[in-house]
Peer 1: 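One structure coming up, written as C-alpha cells, with questions to follow.
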Amino acid sequence: MIPIRTNDEIEKIRRAAELVARTLDLVEDMAEPGVTTAALDREAQKFIESEGARPAFLGYRGFPATLCVSIDDEVVHGIPGDRELSVGMIVSVDVGTVIDDYYGDGARTMAVGAVSADAKRLMRVTQDALAAGIRAAIPGNRVGAIGAAVSAVAEAAGVGVVRALTGHGIGAQMHEPPQIPNFGSPKEGEQIEAGMVFAIEPMLNQGDHEVDFGSDGWTVRTKDGSLSAHFEHTVAVRAEGPEILTRVVHVAHG
Ligand code: MG
C-alpha cells in the first residue's frame with residue numbers, strides 16, 4: 001500500500017525536503033577545485049544538525065556519511081573521502097534529512113568549473129527527464145507513467161537509463177512503497193492518488209545503462225566508464241498536480 005499523507009504530514013515532509021534543497025545549495029557553493037568530498041560532507045552534516053535535523057543517510061544500512069558524492073562515471077552512493085574536486089568533473093550529490101520523524105531526499109549533479117559539452121548535455125537531459133517524470137505524477141496516472149516519461153526524454157537524447165536503481169515513496173521512512181523505476185509502461189504500477197509523496201530520481205548514463213556495484217559495497221559505476229548524472233526531487237501529488245518539496249521557500253517580508 002502506498003501511504004496517503006495528510007496536509008499536516010506533507011508540511012512536515014516539506015520542512016525536511018526544503019532543508020535538503022538548502023544543503024544542496026550550500027554544497028554547490030563549495031564545490032570548487034581543490035575541495036575534498038569529505039569537506040563537503042562535513043559542512044553538510046554541520047549545517048543539517050545546526051537546523052535541528054538529522055542526516056538521513058548517515059548510518060543507513062551502515063552508510064558512513066551525510067552525503068553520497070559520486071564523481072563522473074560514478075552513478076550514485078559514492079562515499080566522501082580525501083579525493084579533491086578538479087575542473088571538468090561532474091559531481092552528483094545526494095542527501096536526505098529527517099525532521100520530527102519525516103524525511104526529505106534530493107540530488108543534483110554539479111559541474112566543477114568548465115565541463116565538456118557532453119557532460120553539460122547529459123546534465124541538462126537528466127534535469128529534463130526529471131521534469132517530465134514529475135509532470136506525470138498526477139492523480140489518475142499509474143506509477144509507470146513516471147518512468148515512461150523519464151525514459152522517453154532519455155531515449156530521444158540517446159542516453160542510457162539506469163535500470164538497477166529506482167525512485168521511491170518517501171515520508172515517515174526514507175524508502176516507502178512504491179518503487180519508481182525510470183523506465184516502463186504508463187499502464188504499469190499502482191494508481192497515483194493525491195496525498196502520495198514520491199522521490200523521483202532519474203540516473204542517466206552518457207553510454208550504456210548497465211552499472212557495476214563497487215568493491216566498497218556502496219559506489220555504483222557505469223559499466224562502460226561513461227559519465228553519469230543524477231537529479232532527484234521529493235514531490236507531493238496534489239489534486240491540482242505535482243508539487244516539488246525539495247525547494248527553498250522564500251518568505252516575503254513587509
Ligand atoms: Mg532517493
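Order of appearance sets the numbers: ligands from 1, and atoms from 1 within every ligand. Just so it is clear, the values below take in all heavy atoms, side chains as well, and ignore hydrogens, waters and symmetry mates.
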Peer 1: Restricting to N, O or S atoms of D105, which is nearest to the Mg ion (ligand 1)?
Peer 2: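 This turns out to be OD2.
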
Peer 1: Is the Mg ion (ligand 1) under 2.8 Å from any N, O or S atom of H168?
Peer 2: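 So H168 counts as coordinating the Mg ion (ligand 1), yes.
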
Peer 1: Establish, for the pair R108 and F231, whether the NZ or CZ atom is under 6.0 angstrom from the six-membered ring centre and no further than 45 degrees off its axis.
Peer 2: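 No cation-pi geometry.
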
Peer 1: What is the name of the N/O/S atom in E232 that sits closest to the Mg ion (ligand 1)?
Peer 2: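 Closest N, O or S atom of E232 to the Mg ion (ligand 1): OE2.
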
Peer 1: Under 4.0 Å between a Lys/Arg side-chain N and an Asp/Glu carboxylate O for D212 and K223?
Peer 2: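 K223 and D212: salt-bridged.
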
Peer 1: Inspect the contact between E74 and R83 and indicate whether a charged nitrogen and a carboxylate oxygen are less than 4.0 angstrom apart.
Peer 2: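 Yes, this pair counts.
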
Peer 1: Using 2.8 Å as a strict upper limit, say whether an N, O or S atom of E201 approaches the Mg ion (ligand 1) that closely.
Peer 2: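 Under 2.8 Å: E201 contacts the Mg ion (ligand 1) through an N, O or S atom.
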
Peer 1: How far does NE2 of H230 sit from CG of L122, to the nearest 0.5 angstrom?
Peer 2: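 One gets 12.5 Å once the value is rounded to the nearest 0.5 Å.
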
